[in-house]
Amino acid sequence: MYALIVTQMVVSGVLMGLIYALIAYGFQLTYATSKSINFGQGELVMVSAFFSLTLLNVGVPYWLMVPGGMLFGALLGLVVERTGVRLALEQKSEGWILMTIILGLFAFSVAENIWGRDDRPFPTPISSSPIQIFGIHITPVEISVAVGVFALMGMIELFKRKTLLGKAFEAVSADRDAAELMGISATRTIMLSYGLSGVVAALAGILIAPITTVGPTMASALILKAFSVAVVAGLDSGFGVVVIGMLLGALESLTSFYLGSGWREAPGLILLILALAMRPMGVFGKASIRKV
Amino acid sequence: MKKVLMTSLMALGLFAAQAFAGDTVKIAITGPFSGGSAPMGISMRNGAMLAVSEINAAGGIDVGGHRMKIQVIERDDEGKNARGALVAQELASMSGLSGVIGTVNTGVVLAGDRYLQQKGITKIITPAAGSASMTQWSKAGVKNLSIFRFSADDSIQAAMVVEEAIDRKLTKVAIFHDTTNYGVSGNEDLLQQIKKQGNKLKVVTTEKFNIGDKDMTAQLLRAKLAGAQAILIWGIGPEMAAVANGMAAMGMKLPLIGGWTISMSNFINNAGKNGNGALTPQSFIEEPITPMAKRFINEYHKTYHVSRIPSPMSAAEGYDAVYVFAAAVKQAKSTDTHKIKEALEDLRAPVKGVIATWRHPYSKWNPANERTHEAFHRDQVVMGMVKDGRIVFAHESDKQRLIKEALGKNAK
């Protein structure tokens with residue numbers, strides 16, 4: 001009984017951790033090409049989830065809503081890139097930090113005004129009644145989270161390795177100046193990375209919403225965890241974020257089980273401090289030599 | 001000549017001012033009309049406004065042989081303590097105000113009511129239920145209190161929750177509460193009631209959660225491991241929905257018994273079918289079982305174009321509170337807030353409301369017993385149950401009792 005309950009805790013923690021990993025992956029995508037990240041990524045998750053909910057409410061079937069929501073996320077990502085990031089990058093300034101935060105705050109107020117402050121349920125055709133596997137209760141909705149996360153990350157990784165556009169993406173990530181000399185447009189590649197990052201955020205929102213409900217603050221806790229995961233794993237390892245995400249999720253669950261739910265946030269912070277003190281480039285990160 | 005003109009003008013002015021002040025009974029209705037508590041605030045206001053328009057349509061209140069209509073001043077406190085304090089300060093300095101009705105959030109009550117009390121302005125708190133709203137005055141030993149409450153407060157509710165668990169022959173329960181003032185004092189009320197009702201329940205674990213928490217797995221599994229047979233819960237809608245959903249996701253089927261906040265629309269909507277069976281003390285159930293209830297529910301639906309009252313209990317309490325206040329104005333034969341307070345403390349004529357017929361709801365304030373300014377008793381509250389998106393009677397006997405009482409009154 002006891003071992004079973006602990007396993008149950010680990011399983012539900014790992015599933016939550018996969019969502020952290022997916023959002024952290026969104027950070028990585030833009031960091032790879034432009035060395036910038038969207039600090040309003042959480043609001044992107046939330047607004048996309050609200051938009052998807054609206055699609056469902058106007059009668060769009062679930063399986064059409066998913067790509068619709070992801071497309072909307074991509075558009076939002078592009079808007080962030082155009083309005084908040086591009087100008088700052090062109091001027092080699094760090095202005096994107098403040099700009100993306102401001103865009104996030106703006107999106108938050110817009111969402112409050114359009115959809116209100118209340119949390120709302122997110123209907124899904126996937127069943128949320130539990131099935132038992134070796135005595136562990138798990139719901140199909142939770143399984144869909146895992147499937148969705150791995151499918152999207154797998155597809156993006158394949159795209160980066162196998163297609164021409166993806167190779168351009170990798171080239172810009174490796175060395176922006178060299179890539180530009182080879183005729184690859186860095187600006188376009190950065191746009192692509194922000195678009196993809198928006199897709200990832202939207203899917204994270206759609207996957208988690210049936211479990212956590214949709215509300216303006218739905219992603220504010222998630223985003224901090226995702227940021228820890230991205231920093232601990234290193235900002236350039238897709239495999240790393242999955243491992244660290246699952247680890248953090250499991251640790252959180254176990255901490256709240258053994259020490260009480262008030263300690264839930266502790267492992268994330270401890271991991272972050274340890275990583276920054278011992279491996280600032282991230283556990284799976286590559287140490288980069290910066291020429292001055 | 002000039003002097004005569006001046007004095008006559010002044011007299012005219014005075015007369016005009018008096019005529020104006022004498023025309024209406026000015027009351028303020030405050031509550032959260034926007035934000036997360038808005039379903040309760042808006043229902044309360046709408047219920048109160050129904051009563052006001054009924055009274056005004058009948059010609060107003062008879063104040064010493066002179067018919068006066070009620071004039072309402074609305075203020076939105078947004079459910080925020082700081083905003084509530086500002087609203088209370090504004091009302092405290094308003095001239096000619098006869099009284100204040102409202103406030104949903106216990107925190108807002110604690111932040112604002114002292115300004116009204118300082119000026120001796122009569123206030124009826126409805127529907128905020130937290131015990132601290134009234135015990136703050138008994139603890140401070142206030143001798144003369146102008147604050148009254150008209151709601152099924154937490155101590156009644158906690159007693160009923162514990163009673164329900166004992167009636168179901170349960171012995172081991174888990175207490176879940178949020179970390180706000182409301183949740184923490186709810187936990188204390190529950191523990192006190194368990195002791196008072198003979199320690200028949202053993203609290204096997206006490207679990208906390210924060211506002212905004214979505215994942216209750218750890219708390220639920222600890223309750224499971226401790227062998228809890230039911231969860232007694234004190235929190236607000238969204239987090240309690242997370243508890244109900246978390247139980248469903250793990251195939252746990254423990255009865256969920258909690259405060260009246262289980263009737264919040266954000267619990268009912270977010271928990272969906274997982275909320276079915278949750279038990280909650282209610283002062284009013286949206287079922288047309290008595291002619292009075294039927295009329296009230298129909299009027300509400302018709303006037304505000306809804307098929308369901310967002311918070312039926314808040315609406316009914318707001319409605320009855322206005323009638324109780326109006327009765328006090330009539331008895332005081334004055335719009336003076338101090339005289340209305342005296343009248344409320346000794347209300348002689350019974351007031352027919354939608355929840356009950358109120359006979360002498362309040363008595364002279366005694367700091368040793370805050371029940372002197374509490375209108376509700378155990379009898380006026382029934383156990384409700386969530387069923388497919390509505391709150392219904394949990395016990396048929398409660399329903400029959402209310403029907404019988406209404407019939408009895410009609411027969412008289």
Side-chain angles (χ1 to χ4, degrees), chain A residues 1-2 4-13 15-16 19 112-113 116-124 127-132 135-142 208-222 249 252-265, chain B residues 32 34-40 78-80 176-179 205-227 236-253 264-275 310 389:
Chain A
M1 171 83 173
Y2 192 77
L4 211 61
I5 281 183
V6 172
T7 332
Q8 173 89 58
M9 279 313 309
V10 171
V11 168
S12 60
L15 284 166
M16 202 63 187
I19 288 290
E112 269 197 348
N113 280 301
R117 292 179 199 164
D118 256 0
D119 289 343
R120 295 203 234 163
F122 191 92
T124 160
S127 157
S128 56
S129 40
I131 45 177
Q132 266 198 11
I136 310 240
H137 291 275
I138 189 162
T139 63
V141 172
E142 289 171 325
I208 198 72
I211 302 176
T212 63
T213 66
V214 184
T217 54
M218 67 179 280
S220 45
L222 285 178
E252 275 186 357
S253 273
L254 290 176
T255 317
S256 52
F257 182 69
Y258 283 113
L259 300 178
S261 57
W263 294 95
R264 196 186 170 82
E265 316 299 326
Chain B
S34 60
S37 307
M40 295 180 279
E78 298 166 25
K80 293 178 187 151
F176 278 51
H177 67 89
D178 72 23
T179 49
T205 175
T206 304
E207 298 295 334
K208 291 178 211 161
F209 49 87
N210 295 317
I211 297 295
D213 279 3
K214 310 278 164 128
D215 180 13
M216 303 290 177
T217 321
Q219 289 96 323
L220 287 168
L221 283 177
R222 268 212 299 267
K224 189 176 176 181
L225 202 63
I236 57 170
E239 291 76 35
M240 295 198 294
V243 170
N245 291 335
M247 269 206 278
M250 283 186 296
M252 274 169 81
K253 283 193 187 73
M264 279 171 76
S265 50
N266 43 21
F267 174 81
I268 295 181
N269 294 340
N270 292 358
K273 67 175 169 31
N274 300 335

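Quick note on labels: first sequence line is chain A, next is B, and so on, each numbered from 1.
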The reported gap from OH in A:Y2 to CG in B:L221 (rounded to nearest 0.5 angstrom) is 11.0 Å

Interatomic distance, CG@B:D215 vs CZ@A:R264, rounded to 0.5 Å, equals 4.5 Å

Honestly, the part of B:A248 sitting under 4.5 Å from a heavy atom of chain A is backbone

Taken to the nearest 0.5 Å, the spacing of A:S128 OG from B:K273 NZ works out to 4.5 Å

Residues B:G251 and A:P130: closest non-hydrogen pair is N-CG, 3.6 Å

Rounded to the nearest 0.5 Å, the OG atom of A:S261 sits from the CE atom of B:M216 at a distance of 8.0 Å

dist A:Q8:CD -> B:L225:CG (nearest 0.5 Å) comes out at 12.0 Å

Interface check, chain A: of B:P238, B:P39, B:A249, most non-hydrogen pairs under 4.5 Å belong to B:A249

Set out, in order, the CA-CA distance, both residues' side-chain angles and the distance that settles side-chain contact (heavy atoms from CB on, under 4.5 Å) for A:M9 and B:T217, then state yes or no. CA-CA 7 Å; A:M9 279 313 309; B:T217 321; 4.2 Å; yes

Okay, B:N270 and chain A: the region with an atom under 4.5 Å from a heavy atom over there is both

query: Sub-3.5 Å donor-acceptor pair from the side chain of A:R120 to the main-chain atoms of B:N269, do we have one?
result: no

One option among A:G260, A:A221, A:S253, A:G116 has the most heavy-atom pairs under 4.5 Å with chain B, and it is A:G260

In terms of heavy-atom pairs under 4.5 Å with chain A, the winner among B:S265, B:A38, B:A218 is B:A218

d(A:T213 OG1, B:K214 NZ) to nearest 0.5 Å is 3.5 Å

If one checks every heavy atom of A:Y258 against chain B at 4.5 Å, the contacting part turns out to be backbone

